[in-house]
Amino acid sequence: MKRIIFSILFICSLCAISIPSFASLIITPLQAVIEGRERRVQGVLVNNSNTISTYRVEWQQLNQVQGTGGYVEIKDGQDDGKTNLKDFAVFSPRQITLGPREKQTVRVAVRRPADLPDGEYRSHLNFRIIDKQDVDQSRVNLNENERRVKARVMASYSIPAIYRKGEYDVDVTFGQPSFSVNPNNGRMLVNLPVNRSGIHGVIGQIEIFHTPNGGQETMIGSLANANLFTDITQRNFTILSRVTGLSAGTLRVVFSKAEGKAETHYVMAEASFPVAN
C-alpha cells in the first residue's frame, strides 16, 4: 500500500457580495478597486476558524475566459509584456498570523507611472493559508513497499485588485435569454448572454423580474458574481430562478454596478423580453 497525501489548492475568484465567508476566512470587501485620483484602498481579513492561522499574501495573475467567465492563471513571462496592477502597486503586510476571530487590515497602494495609458489594470491578491502540520517524513517508518511523499495541504482565496485610469468607460448590453430546467430541483434556469465594451470592466449584479399578462411584477432570481473584466467582451450567465415555470408576459433584466458599499450601486443596463406560453 502506498501512503500518498495530495496537496490541495482551492482558488476562489470572488465577486461583489457584502461579507463572504469561506469556512476559515472572511474577506471584506471582495474586491479592491481604486479609481480616479485615489491611490490606495484597504480591506479586512477575519480568521473565522477556531485555531491560529497564518496567511501569506501574494500577487496572482488570473485572466478571465471569454464566454464562461472562468479564470486561467498566467505565470510570469506569459503575459506578452502586458502591464498588470502588480507591476506598479504594492500591498502590506505580506504575511499575517491571526488567532480565532482576530482581524487584520490589508492595504494596497498604487505607484502609477507617469505615462500610464487610460484603461483598467488588474491582478489578484491571493491569501494562502500556511499549514503548520507538514509531515516530517524523516520520523516516519515505512515498509519497503511504501513510498515517502512530503505533503502539505494548502487553501487559498483570491480577490481582484483593480486600478482604473481615465473617465469610466464601459457599456453593458444583453443578448436574448433562453430557459432550461435544473434537474435537481425542477426550478427554471435563465441563461443570459451579457456583452461588455469599453476600456474598463465592471463587477456587477443581475436581477430578473417577471410580469405575467395582467399581473404584477415579481423578482424571480438574482446573481451577485456578475463580473466582466477587460479580458472578455461576452459572458454567459446562468441564473437559478425561484419558479418552476413562467406564464406569458414580460421578463425584465437589470444589470447594476455593484462594487463597494450598497449605496454606491447603480443600474448600468436594463432590457425587457416577451415571454410566450
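- The shortest side-chain heavy-atom distance between Ile220 and Leu251 falls under the 4.5 Å cut-off.
- Judged purely by atom type and a 3.5 angstrom limit, Arg235 uses its side chain to pair as donor or acceptor with the backbone of Asn227.
- When atom types are taken as modelled, the side chain of Ser156 and the backbone of Asn126 share no donor-acceptor pair closer than 3.5 angstrom.
- No continuous path of hydrophobic side-chain contacts links Val254 to Leu189 [ILVMFWY only; heavy atoms under 4.5 Å].
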Handout entry: CA sep, side-chain torsions, deciding dist, call: Phe229, Ile203, side-chain contact (heavy atoms from CB on, under 4.5 Å)
Key = CA-CA 8 Å; Phe229 296 130; Ile203 296 172; 3.8 Å; yes

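- Going from atom CD1 of Ile96 over to atom CD1 of Ile129 covers 11.5 Å, rounded to the nearest 0.5 Å.
- Side chain of Asn84 to main chain of Lys86: no donor-acceptor pair is present (N/O by atom type, distance under 3.5 Å, no hydrogens or angles).
- Put simply, the side chain of Glu207 reaches to within 4.5 Å of the side chain of Met219, judged on heavy atoms.
- Annotation: side chain of Arg101 is in contact with side chain of Asn48 (closest heavy-atom distance under 4.5 Å).
- Annotation: the span from Lys82 atom NZ to Thr230 atom OG1 amounts to 5.0 Å, rounded to 0.5 Å.
- For the pair His265 (side chain) and Gly204 (backbone), a donor-acceptor distance under 3.5 Å is absent.
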Exercise for the section: For side-chain contact (heavy atoms from CB on, under 4.5 Å), just list the numbers for Leu240 and Asn185, CA-CA rounded to whole Å, side-chain angles, deciding distance to a tenth of an Å, and then say yes or no. Expected result: CA-CA 10 Å; Leu240 179 63; Asn185 56 25; 4.3 Å; yes

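- Donor-acceptor pairing under 3.5 Å is lacking for the side chains of Ser24 and Tyr55.
- Residue Glu259 holds its CD atom at 6.0 Å from CD1 of Ile162, rounded to the nearest 0.5 Å.
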Exercise for the section: With side-chain contact (heavy atoms from CB on, under 4.5 Å) as the test, would you mind laying out the steps for Thr83 and Phe88 before giving the verdict? Expected result: CA-CA 9 Å; Thr83 301; Phe88 59 90; 3.9 Å; yes

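- In plain terms, the two heavy atoms of Lys257 and Met268 that are nearest each other are CB-SD, 3.6 Å.
- Checked by atom type and distance alone, the side chain of Ser256 never pairs as donor or acceptor with a backbone atom of Ala258 at under 3.5 Å.
- Judged by distance alone, the side chain of Arg196 and the main-chain N or O of Val170 form no donor-acceptor pair under 3.5 Å.
- For the residue pair Ala89 and Val108, the shortest heavy atom distance occurs at CB-CG1, 4.5 Å.
- The shortest side-chain heavy-atom distance between Val202 and Tyr168 falls under the 4.5 Å cut-off.
- If you take OH on Tyr157 and CZ on Arg128, they are separated by 13.0 Å, rounding to the nearest 0.5 Å.
- Counting heavy atoms from C-beta outward, Phe127 and Leu125 have side chains that approach closer than 4.5 Å.
- Between Ser158 and Gln60, the side chains place a donor N or O and an acceptor N or O closer than 3.5 Å (distance only, hydrogens not considered).
- Distance check, rounded to the nearest 0.5 Å: OG1 of Thr233 to CD of Gln64 gives 10.5 Å.
- Ser222 contributes no side-chain N or O that, together with a main-chain N or O of Gln205, makes up a donor-acceptor pair within less than 3.5 Å.
- A donor-acceptor contact closer than 3.5 angstrom links the side chains of Gln61 and Ser123.
- Under the 4.5 Å side-chain heavy-atom criterion for ILVMFWY residues, no single connected hydrophobic cluster contains both Val33 and Phe255.
- Contact between Phe237 and Leu223 at its shortest, heavy atoms only, is CD2-CD2, 3.5 Å.
- Between Arg252 and Thr211, every side-chain heavy-atom pair lies at or beyond the 4.5 Å cut-off.
- Each of Phe209 and Val172 belongs to its own hydrophobic cluster when Ile, Leu, Val, Met, Phe, Trp and Tyr are linked at side-chain heavy-atom distances under 4.5 angstrom.
- Heavy-atom minimum distance, Arg122 versus Asn63: NH2-CA, 3.9 Å.
- By the rule that hydrophobic residues join a cluster once side-chain heavy atoms approach within less than 4.5 Å of another member, Ile159 and Val110 end up as members of one cluster.
- Using a 4.5 Å heavy-atom cutoff, the side chains of Asn191 and Ser180 are in contact.
- Here the side chain of His210 pairs no donor or acceptor atom with the backbone of Thr218 at under 3.5 angstrom.
- Other residues, nucleotides and ligands contribute only 12 or fewer heavy atoms inside 6.0 Å of the CG atom of Asp76.
- Clustering ILVMFWY residues whenever any of their side-chain heavy atoms sit less than 4.5 angstrom apart, transitively, puts Val90 in a cluster other than the one holding Leu116.
- For Arg39, the CZ atom counts as densely surrounded, since its 6.0 Å shell holds more than 12 non-hydrogen atoms of other residues, nucleotides or ligands.
- In terms of heavy atoms, Asn195 sits closest to Gly175 at ND2-N, 4.2 Å.
- Residues Ile52 and Gly99 come closest through the heavy atom pair CG1-CA, 4.1 Å.
- The shortest side-chain heavy-atom distance between Ile34 and Leu85 does not fall under the 4.5 Å cut-off.
- Rounded to the nearest 0.5 Å, atoms CZ (Arg242) and CZ (Arg187) are 8.5 Å apart.
- Annotation: cation-pi pair Arg112/Tyr163 absent, no NZ/CZ under 6.0 Å from the ring centroid and within 45° of its normal.
- The number of heavy atoms from other shown groups lying within 6.0 Å of NZ (Lys103) does not exceed 12.
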